[in-house]
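Structure record follows, encoded as structure tokens.
Keep in mind it's a predicted model, so treat the numbers as computed, not measured. Along the sequence shown, residues are numbered consecutively beginning with 1.
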Amino acid sequence: MPKIIFLPHTVLCPEGAVIDAQEGESILNAALRIGIELEHACEKSCACTTCHCIVREGFDSLEESTELEDDMLDKAWGLEPESRLSCQALVSDEDLVVEIPKYTINHAREH
């Protein structure tokens, strides 16, 4: 079973986290399942950038991003070559190390 290692984030998971993930599960769903409240303003429909993450290890094990995801990522704060929308990045059989960026371009949070 692959693991997702979330690096520490001062607000969302100060200690970081290591979780078991199911193959085919999105990074976002895995985070939400264990209580890491990643923003997802578009309800996981690839229509915003609030769930942007950076895959520090295991990036090559993910399926390639779609053109729509790439277009959305162009608007993300702190874009890097290993950036993905966590609602679209599905876990394969390899462990991932994920960084949650410090900021999003979201102007309001629902919680």
Side-chain angles (χ1 to χ4, degrees):
M1 178 174 285
K3 295 194 181 307
I4 302 176
I5 301 159
F6 288 96
L7 298 176
H9 182 277
T10 55
V11 175
L12 299 176
C13 61
E15 303 296 319
V18 179
I19 64 169
D20 290 324
Q22 299 293 324
E23 287 187 43
E25 180 178 31
S26 71
I27 293 172
L28 175 59
N29 284 341
L32 294 173
R33 180 169 44 81
I34 65 152
I36 298 175
E37 292 296 323
L38 278 175
E39 293 186 55
H40 52 287
C42 71
E43 296 299 319
K44 308 172 191 175
S45 66
C46 195
C48 73
T49 63
T50 58
C51 72
H52 168 229
C53 69
I54 302 162
V55 181
R56 295 292 181 201
E57 293 180 25
F59 182 83
D60 291 337
S61 71
L62 301 172
E63 288 187 19
E64 286 192 38
S65 55
T66 65
E67 187 174 335
L68 176 60
E69 182 182 356
D70 290 340
D71 288 346
M72 294 310 304
L73 279 168
D74 285 342
K75 302 171 189 172
W77 181 90
L79 184 66
E80 295 192 18
E82 295 82 22
S83 288
R84 291 295 302 265
L85 296 180
S86 64
C87 68
Q88 300 299 302
L90 304 179
V91 176
S92 67
D93 59 350
E94 192 173 315
D95 293 350
L96 302 175
V97 175
V98 175
E99 180 179 346
I100 303 165
K102 186 174 182 179
Y103 301 108
T104 72
I105 61 170
N106 197 16
H107 296 288
R109 191 157 188 202
E110 296 197 20
H111 297 289

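Two different hydrophobic clusters hold Leu90 and Phe6 under the rule that ILVMFWY side chains link at heavy-atom gaps under 4.5 Å. At a threshold of 4.5 Å between side-chain heavy atoms, the hydrophobic network of Ile, Leu, Val, Met, Phe, Trp and Tyr places Val91 and Val98 in one connected group.
When all heavy atoms are compared, the tightest approach of Ser83 to Gly78 is OG-O, 4.3 Å. Contact record, Leu85 with Cys48: CD1-O, 3.7 Å, taken as the closest heavy-atom pair. Between Pro8 and Pro14, the shortest heavy-atom distance links the atoms CB-O, 3.3 Å.
If you take CG on Leu96 and CD on Glu82, they are separated by 12.5 Å, rounding to the nearest 0.5 Å. Atoms CD and CD, from Glu67 and Glu64 in turn, are 12.5 Å apart once rounded to the nearest 0.5 Å. From Cys51, atom SG reaches atom CZ of Arg84 across 10.0 Å, with rounding to the nearest 0.5 Å.
With Thr49 contributing its side chain and Leu73 its backbone, the two residues share no donor-acceptor pair below 3.5 Å. Put simply, the side chain of Thr66 gets close to the backbone of Glu69: a donor and an acceptor are under 3.5 Å apart.
The other residues sharing a hydrophobic cluster with Val18 are Ile5, Leu7, Val97, where clustering joins ILVMFWY side chains under 4.5 Å apart.
Within the structure, salt bridge (charged side-chain N to carboxylate O under 4.0 Å, His left out) pairs that include any residue of residues 48-57 comprise Arg56-Glu80, Arg56-Glu99 (at least two apart or interchain). Sequence neighbours left out, the pairs with a member in residues 53-102 that pass ring pair (Phe, Tyr, Trp, His ring centres under 6.0 Å) are Trp77-Tyr103. Note on residues 1-17: pairs passing side-chain hydrogen bond (donor to acceptor under 3.5 Å, both in side chains), not counting sequence neighbours, are Lys3-Asp20. Judged as a side-chain hydrogen bond (donor to acceptor under 3.5 Å, both in side chains), the pairs with a partner in residues 85-98 (not counting sequence neighbours) are, in order, Ser61-Ser92.
Counting heavy atoms from C-beta outward, Pro101 and Ile54 have side chains that approach closer than 4.5 Å. Inter-residue side-chain proximity for Ile36 and Ile100 is flagged as met; some heavy-atom pair is nearer than 4.5 Å.
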Would you give me the side-chain donor-acceptor pairs under 3.5 Å for residues 24-32, sequence neighbours excluded?
from: Glu25; atom 1: OE1; to: Gln22; atom 2: N; distance (Å): 3.1
from: Glu25; atom 1: OE1; to: Arg33; atom 2: NH2; distance (Å): 3.1
from: Glu25; atom 1: OE2; to: Arg33; atom 2: NE; distance (Å): 3.0
from: Glu25; atom 1: OE2; to: Arg33; atom 2: NH2; distance (Å): 3.3
from: Ser26; atom 1: OG; to: Asn29; atom 2: N; distance (Å): 3.0
from: Ser26; atom 1: OG; to: Asn29; atom 2: ND2; distance (Å): 3.4
from: Asn29; atom 1: OD1; to: Lys44; atom 2: NZ; distance (Å): 2.7

